[in-house]
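As the structure lists them, so they are numbered: ligands from 1, and atoms in each ligand from 1.
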Amino acid sequence: MILLDGKNIASQIKIEIADRVLEIDRSGGKMPHLAAVIVGNDGASETYVAHKVRACKEVGFKSTLVRLDEQVAEEILLEKIDEINNNPDIDGMIVQLPLPPHISEGKVIERIKVEKDVDGFHPVNVGRMFIGQPAYISATPYGIIQLIERYNIETSGKHCVIIGRSNIVGKPMAALMSRKGYPGDCTVTICHSRTRNLDDICRRADILVAALGSAGFVNAEMVKEGAVVIDVGITRTRSAETRSGWKLLGDVKFDEVAPKCSYITPVPGGVGPMTIVSLLANTLKASAREVYG
Ligand code: GUN
């Protein structure tokens with residue numbers, strides 16, 4: 001079994017990005033600049049955004065953090081997005097999700113300029129990704145694809161089973177794994193809460209992507225000998241064992257599943273760190289006008 005060490009690969013990619021930033025600086029170019037908007041004080045969102053801002057610093061990007069009150073009117077948030085859209089110094093923007101229930105996520109996502117949508121959530125970016133046109137690919141699927149690529153994992157003709165049909169992981173993963181080329185050329189099955197015989201389908205997977213957000217859902221019985229297992233789950237639970245008082249749990253029962261796998265991602269240290277570097281990679285592309293010219 002080979003551990004897919006997202007932490008290590010993410011560090012390598014960060015070094016590559018930081019080198020690129022140094023070159024930009026040396027040639028007198030503008031530093032890539034990411035704006036992150038957070039509404040309210042959700043603990044998990046605070047942590048994610050803090051990680052994103054710290055990652056920007058590590059590679060030499062500029063970052064701007066915009067904090068808005070939990071009660072902020074939707075219109076004020078939309079105006080803030082317009083302001084960032086119109087700020088020529090800012091290359092990319094994310095609005096951390098979830099948003100409070102009185103704000104429409106759809107409206108917010110569609111307000112972000114397609115060229116600055118480094119989360120790849122705008123329907124134009126999603127649609128372009130689906131039909132194989134240049135687009136920002138959302139960070140988690142992009143991170144998984146890069147991990148598969150860096151470990152040279154064979155994908156052609158393989159059966160890839162994805163558990164979870166979310167817009168930000170399950171659906172884009174299905175599109176990417178079934179596209180022509182590498183990584184891709186898989187036969188893809190998407191499973192969800194209404195899927196019948198889920199265990200049987202999972203057992204037929206050469207590549208199993210668990211992205212349903214249910215801690216320890218995938219057990220050894222559900223995994224074929226020699227499968228590649230990608231665990232996207234990050235359920236935060238209270239823990240007396242860690243300094244932070246929190247522990248992250250994946251969707252896979254790692255201890256019993258790992259011995260059966262050819263490759264597996266740990267949690268933490270697998271997909272999570274790859275997600276953040278993918279956001280950095282998208283921001284670099286935005287600053288280089290690589291996707292939209
Ligand atoms: N909430 C959970 N994951 C994400 C993400 O990748 N981007 C944003 N904006 N919000 C999230």
| task | Can you sort out which atoms of ligand 1 are near Phe121, meaning under 4.0 Å from one of its heavy atoms? | result | 5 (C), 6 (O), 7 (N), 8 (C), 9 (N)
| task | Consider ligand 1: state whether an atom of it lies below 4.0 angstrom from any non-hydrogen atom of Lys52. | result | yes
| request: Apply side chain to side chain contact (heavy atoms under 4.5 Å, CB included) to Asp119 and Leu279, showing your working. | output: CA-CA 7 Å; Asp119 254 335; Leu279 177 66; 4.3 Å; yes
| said: Under a 4.0 Å threshold between the charged nitrogen and the carboxylate oxygen, would Asp91 count as salt-bridged to Arg289? | reply: yes
| query | Out of Ile94, Ile234, Asp119, who gets a non-hydrogen atom closest to atom 8 (C) of ligand 1? | reply | Asp119
| query | Between Gln96 and ligand 1, is there a nitrogen or oxygen pair with a distance under 3.5 Å? | reply | yes
| message | With heavy-atom distances below 4.0 Å as the criterion, list the atoms of ligand 1 near Val95. | response | 8 (C), 9 (N)
| Proximal candidate to atom 1 (N) of ligand 1 [heavy atom criterion; set Leu97, Val49, Val37] | Leu97
| Salt-bridge criterion met for Glu46 and Arg236 (N-O under 4.0 Å) | no
| Ion pair check, Glu23 and Arg26, cut-off under 4.0 Å | no
| Name of the residue among His102, Arg111, Lys107 meeting side-chain hydrogen bond (donor to acceptor under 3.5 Å, both in side chains) with Glu74 | Lys107
| task | Quick one: look up the protein heavy atom nearest atom 3 (N) of ligand 1 and list residue, atom name and how far away it is. | result | Ile168 CD1, 4.1 Å
| field | N/O separation below 3.5 Å, Ala139 to ligand 1 | value | no
| request: Kindly check if the number of other-residue, nucleotide or ligand heavy atoms within 6.0 Å of NZ (Lys7) is above 12? | output: no
